[in-house]
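Counting starts at 1 for both ligands and their atoms, following the listed order. Throughout, numbering of the chain's residues begins at 1 and tracks the sequence. Any value given below was found using the heavy atoms of this structure, including those in side chains, with hydrogens, waters and symmetry copies removed.
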Amino acid sequence: MMLSEHCPLFNLNPEIPLNGYTYSLCKMQVGIDDLAIYVPKLYVDYKDFAEARGIAPQKLEHGIGIKKMALADTNQDPACMAANACLKLMQRNHLHPKDIGRMYVATESALDESKAMNSFVIGMLEQVYGEGSFEHAGGIECKFACVSGSYALYDNTNWIRAEENNGKAAIVIVSDIAKYDIGSSGEYTQGAGAVAILVKENPRILAFDKKVTSTIIKNEYDFYRPCGKETPLVNGNYSNLLYLIQVRKAFDSYKEKAIRTGLISIKDDESITDYIDLFSVHLPYRKMGEKALAYLLRHEWRHLPRWSYVIKEVAMEEPLPKDPRGTIESILADTEFMKADEKFRRAFVQTSFYNEIFEKKMASSLQASTIIGNLYTASMYMGFRSLLEFEYKKGTDLEAKRVGFGSYGSGSSAMVFSGVIQPQYKEIVKRMNLEVEIGPRKKVSMEEYGKLHENGISFNDSILQTNKEFILAKIGGTTADKAGLREYIYIN
Ligand code: CAA
């Protein structure tokens, strides 16, 4: 008998122990048990921003999808935001460092060329849990623009699946400050925050599907930040199109795996997207989620019988580029096609076909992005958190629903994977409340925003007084060998 013939989960027959495989391994589900967030309390209001930059506020509200952009205070950095999210996660779940075997921090806002961000986080947490309390654990800082948190989750999931974890859980923290040049078109896609994710066996929220995670990778310069530069160099339109193409390619590979492994079977007139109940994708800004869904559905539907009904509603044929096998540059340079394609996309997202899927499967994941902004590595996970909370508030029964994730990192790599919501999810999701968890927020003036942006205020002169949080207390010592040394304290 083939090992793959019987067990629906691991393709093993649970009745028959074969070659040392055990039923427990076959049944093991690993995934997200809980998530905690940290969002700095300062924000810029989109109307103030629009006025200062001479942009129509409607462009920010509807064209980009931003109302409040979270900003880090002078005494906050990605490491202390990560530690604050992690502390919340541990306290809420009554976890002690001995319960944690690995802690990864994924970020593209590195503080040091060598010292990993998770070491700063461990240092902060040990102020609360005692020096050396995490010594038994391991972990690294991960970098690949906004996709690295997904690689970190995948790695830690497999660490548990491989039973290397000695009964311990892993924590993956995604933390970033998205900062663009003043006056650039990226400036209205900024934000700051962290999400800490508890990964363990028999998770209460979501179990990852096995053998279907798919990736794609290519050397690209759509968005990058050379060492020492605080803000990125961005090719905006190129990055938008590259995101769509790379996620679609990873999705094609996911589809092939999902069908081959029997995770999902589809009939000739069906799309695999029919079997994905909810979507969570990378969200540099809210509108990008809507665009990603439209691109994916067009790709998935255009060969199906339903497409003729879609075309009827769109009332125009789908345009083709002059050179359909051309490069991204040649497609972007094909202005006639780009114009027609924009027109088609705008009409497509107005159709009842698109809207039904958007409202049912994606809209809830976009709510957090509107009031927080871009979190780079943390964007998709804040989106997933938002999806859970707002679907629950709508009264949707999420149990056994499959969530499809589309993660993208410039430079570039995409990862597509999926998971299934677990029966105990309500126990966690019912207490989620984004506004309460962010806490009381303070709107800053454009003048204050400008000073914060140019790092023109000392970290000792923070705008807000915090408590029960880690803050940055000092950078660098008095001697050269202490240059760049960062000290954090917990304000009780
Ligand atoms: N009312 C309503 N909508 C309006 C409007 C108005 N008065 N004026 C303009 N708009 C709409 C436009 O029609 C457009 O909508 P569609 O997308 O539906 O066409 C939208 O506002 C955006 O306007 P523009 O097309 O003029 O775009 P822009 O010049 O403002 O730039 C951007 C947008 C390219 C995303 C830019 O913000 C940018 O470069 N951002 C950083 C890069 C980025 O986020 N790339 C995303 C993919 S890469 C990635 O995801 C990695 C990462 O995290 C960075």
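Any N or O atom pair closer than 3.5 Å counts here, and Arg346 shares at least one such pair with ligand 1. Ligand 1 has an N or O atom lying under 3.5 Å from an N or O atom of Ser239, backbone or side chain. Between Asn237 and ligand 1, not a single N/O pair is under 3.5 Å apart. Note: no N/O pair closer than 3.5 Å links Tyr285 and ligand 1 by distance alone. In terms of polar-atom proximity, Tyr188 is counted as a contact of ligand 1, with an N or O under 3.5 Å from an N or O of the ligand.
Considering only heavy atoms from C-beta on, Arg486 stays 4.5 Å or farther from Lys115 through its side chain. A 4.5 Å side-chain heavy-atom check between Tyr275 and Ile266 finds at least one atom pair inside the cut-off. Contact check for Leu296 versus Val247: no side-chain heavy atoms found under the 4.5 Å cut-off.
What sits closest to atom 7 (N) of ligand 1 on the protein, heavy atoms only, is Ala56 CB, 3.5 Å. Protein heavy atom nearest atom 18 (O) of ligand 1, with residue, atom name and distance: Lys287 NZ, 2.8 Å. Here the protein heavy atom with the shortest distance to atom 8 (N) of ligand 1 is Lys59 CB, 3.5 Å. Atom 20 (C) of ligand 1 has its closest protein heavy atom at Gly63 O, 3.4 Å. Looking only at heavy atoms of the protein, atom 51 (C) of ligand 1 is closest to Ser410 OG, 3.3 Å. Ranking protein heavy atoms by distance to atom 44 (O) of ligand 1, first place goes to Pro284 CB, 3.6 Å. For atom 33 (C) of ligand 1, the closest non-hydrogen atom of the protein is Ile64 CD1, 4.1 Å. Scanning all protein heavy atoms for the shortest distance to atom 41 (C) of ligand 1 gives Tyr180 OH, 3.5 Å.
Under 4.0 Å from ligand 1, heavy atoms of Ser185 appear from its side chain as well as its backbone.
The side chain to side chain donor-acceptor pair (under 3.5 Å) contacts involving residues 60-73 comprise Tyr46-Glu61, where partners must be two or more places apart or lie in separate chains.
Ring geometry for Phe348 against Phe344 counts as parallel: the plane angle stays under 30°, on a 0 to 90° scale with 60° as the upper cut.
A distance-only check finds no donor-acceptor pair linking the side chain of Ser365 to the backbone of Ser280 [under 3.5 Å]. Between the side chain of Ser413 and the main chain of Ile217, no donor-acceptor pair closer than 3.5 Å is present. Side-chain atoms of Asn84 come within 3.5 Å of backbone N or O of Cys80 as a donor-acceptor pair. Side chain of Ser184 to backbone of Asp181: a donor-acceptor contact under 3.5 angstrom is found. The backbone N or O of Leu472 lies less than 3.5 Å from no partner atom in the side chain of Gln76, so there is not a single donor-acceptor pair.
Taking the centre and axis of the six-membered ring of Phe390, the NZ or CZ atom of Lys393 falls inside the cone set by 45° and 6.0 Å. The cationic atom of Lys88 (NZ for Lys, CZ for Arg) does not lie both less than 6.0 Å from the six-membered ring centre of Tyr38 and within 45° of the ring axis. Judged by the 6.0 Å distance and 45° axis criteria, Arg53 is positioned over the aromatic ring of Phe49.
Looking at Gly409, Ser412, Gly236 and measuring to atom 34 (C) of ligand 1, the nearest heavy atom belongs to Gly236. For atom 2 (C) of ligand 1, the candidate residues are Met380, Gln58, Gln246, His282; the nearest heavy-atom contact is made by Gln58. Nearest to atom 32 (C) of ligand 1 by heavy atom, out of Asn235, Asn240, Val234, is Asn240.
Heavy-atom separations between Cys146 and ligand 1 include at least one value shorter than 4.0 Å. Remark: distances from the non-hydrogen atoms of Glu187 to ligand 1 are all 4.0 Å or more. Heavy atoms of Arg345 come nearer than 4.0 angstrom to ligand 1 in at least one pair.
Applying the ring pair (Phe, Tyr, Trp, His ring centres under 6.0 Å) rule to Tyr104 yields no partners; only residues at least two apart in sequence or on another chain are considered.
For ligand 1, the atoms sitting less than 4.0 Å from at least one non-hydrogen atom of Thr189 are 37 (O), 40 (N), 41 (C), numbered in the order shown with element in parentheses. For ligand 1, the atoms closer than 4.0 angstrom to any heavy atom of Lys291 are 17 (O). Atoms of ligand 1 lying under 4.0 Å from at least one heavy atom of Tyr243, given by number and element, are 50 (O). Interface atoms of ligand 1 facing Glu342, defined by a heavy-atom separation under 4.0 Å, are 19 (O). Ligand-side atoms of ligand 1 in range of Phe223: 54 (C), range being under 4.0 angstrom from any heavy atom.
Comment: Lys143 does not engage Glu108 in a salt bridge, judged by the lack of any side-chain N to carboxylate O separation of less than 4.0 angstrom.
For atom 30 (O) of ligand 1, a protein non-hydrogen atom is found at a distance below 4.0 Å.
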